[in-house]
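Just so we're clear, the structure is a prediction, and the values are computed from it rather than from any experiment.
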Protein chains: 2
Amino acid sequence: MTKAKFNREEVLDRAIELFWQHGYSASSMQQVVKATGLKPGSIYLAFESKDGLFKEALERYSQKGLKKLKEEIESAPTPSKGICRYLESMIKGTLKCDYTSCFLAKTSLELAAENNELHSFASSKLDEIEDLFCHYLEQDYGKKEIKERATSLMLHIFGLGLYGYQCSSPAKMRKGVREGLSWLPWD
Amino acid sequence: MTKAKFNREEVLDRAIELFWQHGYSASSMQQVVKATGLKPGSIYLAFESKDGLFKEALERYSQKGLKKLKEEIESAPTPSKGICRYLESMIKGTLKCDYTSCFLAKTSLELAAENNELHSFASSKLDEIEDLFCHYLEQDYGKKEIKERATSLMLHIFGLGLYGYQCSSPAKMRKGVREGLSWLPWD
DNA sequence: ATTTTTCTTGAACGGTCATTCAAAAAAGGT
DNA sequence: ACCTTTTTTGAATGACCGTTCAAGAAAAAT
């Protein structure tokens, strides 16, 4: 009674959840086995190693994340209003689960000293996000100011991820974010 | 030829370095043994457990950090100018070592899902820093605006810790920070 | 229907993890 | 000088780590 070939994306989503929550080092392959229902052999055949699985989880997370960001911005009246909405949903999101921050950012921080492929991969994906912000800001602001504003946006997003663990008051975070990003069209 | 009673503070400084660099999970007690030169038994007699050692390392780090912050601010012409200097030294510091961020912030993020004593300890110390900012800002700004500005400061400090791994250009970070904290008396 | 290939199984591998402990050495009290 | 307490030593503990693999089941090819 063997199971049919498993659903790769479902498995990756479980892995994302586990790795995001506990980080790379504190997540064991035995926890992966439990969380996915797969046996070790199957995992290793499909993903080669813990690093392989982790990298593919990062990949899927960043793809989904970038897609969501693009959709949110492009469905808004203007790019900058879309960014406001995106930030607002980040603030609201800190209440719901206990592993906010961005999976990419958390990984980048955890593995910074290791300086391996996983770290540089997470880093490069974060750079992509900043580039994307630059691209969208170009539509609403002058060319001279967008670079530092994109950097400022990234600082706030990183900060929010960390601060969200600290502070359980969305209202407080909202005020802090609007203080620093006062050039955005908040309503 | 046995060594005399070891220097507790020196040992803690080595532990801070190790834990800060690699995080809680990725630092093994065997690495602590190597880094400190002590034998397992001595460490366990003095600190009880890995958690005990980690907590005392956090404690020492936060004491030193708060002291440095206070000194920097109080030696400046005004508190807000002291904060500028502090931020500038953070920005410069990201170049020097590969484990910037704040040890407290990194720990808080890593152990957020565990929700144990170590996490809440790191969290409470971070809250202390925000309170300290409030206290100093009161001397330079109106009561109405200081709370969100202190929050904004924390967001930037957290953001800097993460962004420092990403970005190797202090000039870029400086611009981003000044964009978000434009109310500070930058020169 | 039979062979070949692909996937699943779960026990087992050597290594490293945090921690312990009896024995030896040093320090402190008298 | 002697005895008591404290500290150091380093090998050993069982548990868990990431990973492997021979055996068996399912799917695909013939």
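- Hydrophobic clustering of Ile, Leu, Val, Met, Phe, Trp and Tyr side chains at less than 4.5 Å, counting indirect connections, unites A:W186 with A:L160.
- Side-chain nitrogen and oxygen atoms of A:K39 include at least one within less than 4.0 Å of the OP1 or OP2 phosphate oxygen of C:dG10.
- Taking atom CG on B:N7 and atom P on D:dT8, their separation rounds to 12 Å, with Å as the unit.
- D:dC17 atom P lies 7 Å from atom CD of A:Q31, rounded to whole Å.
- What separates CG of B:L18 from P of C:dC17 is a distance of 11 Å, to the nearest Å.
- Spacing between atom CD1 of A:I43 and atom C1' of C:dT8 amounts to 12 Å, rounded to whole angstrom units.
- A salt bridge does not link A:E71 with A:K68: none of the charged nitrogens is closer than 4.0 Å to a carboxylate oxygen.
- The distance between atom NZ of B:K50 and atom P of C:dC17, rounded to the nearest whole Å, is 9 Å.
- Per the geometry, CG belonging to B:L38 stands 7 Å off P belonging to D:dT8, to the nearest Å.
- Computed from coordinates, the A:Y24 OH to D:dC17 C1' distance equals 11 Å when rounded to whole Å.
- The NZ atom of A:K34 sits 16 Å away from the C1' atom of C:dG10 (whole-angstrom rounding).
- Among the nucleotides C:dT16, C:dT8, C:dT19, the one closest to the side chain of B:Q30 is C:dT16.
- Two residues are said to be in side-chain contact when any heavy atoms from C-beta on lie closer than 4.5 Å; A:F19 and A:L58 fail this criterion.
- Hydrophobic clustering places B:Y86 together with B:L66 (ILVMFWY residues linked when any side-chain heavy atoms are closer than 4.5 Å, directly or through intermediates).
- Distances shorter than 4.0 Å separate none of the side-chain N or O atoms of A:S28 from OP1 or OP2 on D:dC16.
- A:S25 comes within 4.0 angstrom of nothing in the nucleic acid, heavy atoms only.
- We find that A:D13 and A:K64 are joined by a salt bridge, their nearest charged nitrogen and carboxylate oxygen being less than 4.0 Å apart.
- Within 4.0 Å (heavy atoms only), B:S42 reaches at least one base atom of the nucleic acid.
- Side-chain N/O atoms of B:Y44 include none lying less than 4.0 angstrom from OP1 or OP2 on C:dT20.
- Among D:dA11, D:dG18, D:dT7, the nucleotide with an atom closest to any side-chain atom of A:M29 is D:dG18.
- Of the candidate nucleotides D:dG18, C:dT19, D:dT8, C:dT19 has the atom lying nearest to any side-chain atom of B:P40.
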